[in-house]
There are 2 protein chains.
Amino acid sequence: MIDNTDMRILNELSMNSRLTMKELGKKVHLTGPAVSTRVAKLEEQGVIEGYSIKVNQVKLGYFVHAFITIITESTYHQPYLSFIKMQKQYIINNYKISGDGCYLLECKFPSNEILNDFLNDLNEHANYKLSIIIDI
Amino acid sequence: MIDNTDMRILNELSMNSRLTMKELGKKVHLTGPAVSTRVAKLEEQGVIEGYSIKVNQVKLGYFVHAFITIITESTYHQPYLSFIKMQKQYIINNYKISGDGCYLLECKFPSNEILNDFLNDLNEHANYKLSIIIDI
DNA sequence: GCATTTGACTTTATTAATGAAAGGAGTTAA
DNA sequence: TTAACTCCTTTCATTAATAAAGTCAAATGC
């Protein structure tokens with residue numbers, strides 16, 4: 001179903017999703033229309049879920065990038081889930097996990113002060129373990 | 001420097017980075033050329049770091065998505081770093097962290113068997129704690 | 001206070017890409 | 001052998017991108 005050419009298309013689009021079909025075609029040795037129908041198929045199949053940009057969060061004023069392992073005291077997760085719904089601006093991802101904790105929360109903050117405020121509020125709904133990202 | 005219109009542009013492109021400049025312009029109430037120069041500036045400033053796609057890893061045969069907290073025994077991280085360089089196909093991100101562990105490794109695997117093999121090999125270079133993602 | 005500069009935009013015109021349609025080559029199956 | 005199918009290329013009409021020129025308003029300087 002998905003052949004090598006498709007994999008190369010996915011690779012190229014991962015690196016630059018704004019390539020024209022002509023440029024993309026050149027990279028995988030196909031014409032524009034040929035690669036265009038392949039991309040359309042990958043979209044229909046749901047292999048390509050969407051097109052996005054990588055934003056430099058530091059340049060937007062988010063200097064702290066953190067992962068927070070969430071340990072809810074009770075089996076009732078709703079208060080925590082409601083809380084993070086209200087804190088959307090700081091949340092990148094909230095993964096439900098098995099292992100150490102219930103959730104793994106990826107977030108960004110403008111400063112340690114705001115992170116601190118966030119943690120204080122979070123602590124009313126769950127316990128946590130904090131990991132701050134130093135480098136990628 | 002970055003005004004409200006720029007934020008809206010970033011938002012729109014985050015949701016769909018393949019919008020034409022004309023379409024994008026319509027969404028933020030500008031003409032194509034106007035929005036095009038704004039996007040070019042955001043690129044020059046490094047706010048937009050790149051254009052990418054969201055790939056459905058399950059449809060590519062990667063059924064297991066995991067975060068692995070890495071605890072290296074020694075201060076000498078090189079063996080671990082060399083190891084993951086060889087395992088690129090499974091690695092999504094390797095974050096250097098402060099907190100619980102030295103690194104937080106985000107990865108994907110076709111099956112638990114392959115994850116198991118990976119962990120066995122990993123164990124020669126570092127200790128770990130495994131968190132498997134159940135849901136986003 | 002007025003002229004000038006600057007920056008951000010629109011309009012226009014040229015160039016380039018997209019997308020639809022037709023046609024060809026290779027493969028499979030009756 | 002022929003028919004049907006898939007995947008591709010070529011061609012062409014439509015649409016978008018891009019460069020250049022012009023407009024306007026706000027800021028700057030004399």
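In the text below, chain A, chain B and the rest are named by the order of the sequence lines, each starting its count at 1.
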Between [options], which one does the side chain of [X] approach most closely?
X	options	result
A/Met21	D/dA16, C/dT10, C/dT18	C/dT18
B/Thr20	C/dA8, D/dT9, D/dA17	D/dA17
A/Ala34	D/dA17, D/dC8, C/dA8	D/dC8
A/Arg38	C/dT10, D/dA17, D/dC8	D/dC8

To the nearest Å, give me how far apart [atom1] ([X]) and [atom2] ([N]) are.
X	N	atom1	atom2	result
B/Lys22	D/dT18	NZ	C1'	14 Å
B/Glu43	D/dA17	CD	P	13 Å
A/Leu30	D/dT9	CG	C1'	10 Å
B/Leu42	C/dA8	CG	P	12 Å
B/Lys41	D/dT18	NZ	P	16 Å
A/Glu23	C/dT15	CD	C1'	14 Å

Q.
Side chains of B/Asn56 and B/Tyr62 only: does a donor on one sit below 3.5 Å from an acceptor on the other?
A.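 On atom types as modelled, these side chains do not qualify, holding no pair under 3.5 Å.
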
(Q) Given 3.5 Å as the limit, does a donor-acceptor pair link the side chain of A/Glu124 with the main chain of A/Asp121, or not? (A)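 It does not hold such a pair.
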
Q. Under 3.5 Å, is there a donor-acceptor pair between the side chain of A/Arg18 and the main chain of B/Leu19?
A.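 Yes.
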
Q.
Heavy-atom nearest nucleotide on DNA chain D for A/Arg18 versus A/Pro33: which residue maps closer to 5'?
A.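 Closer to the 5' end of DNA chain D: A/Pro33.
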
Q) What is the nucleic acid contact for B/Ser36, judged by heavy atoms within less than 4.0 Å: base, sugar-phosphate only, or nothing? A)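 Touches sugar-phosphate only.
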
Q: Specify whether B/Tyr103 and B/His77 have parallel, tilted or perpendicular ring planes, treating 30° as the upper limit for parallel and 60° as the lower limit for perpendicular.
A: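 Judged by the thresholds at 30° and 60°, the geometry between B/Tyr103 and B/His77 is perpendicular.
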
Q) A/Thr31 side chain N/O closer than 4.0 Å to the phosphate oxygens (OP1, OP2) of D/dC8? A)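 Checking A/Thr31 against D/dC8: no side-chain N or O falls below 4.0 Å of OP1 or OP2.
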
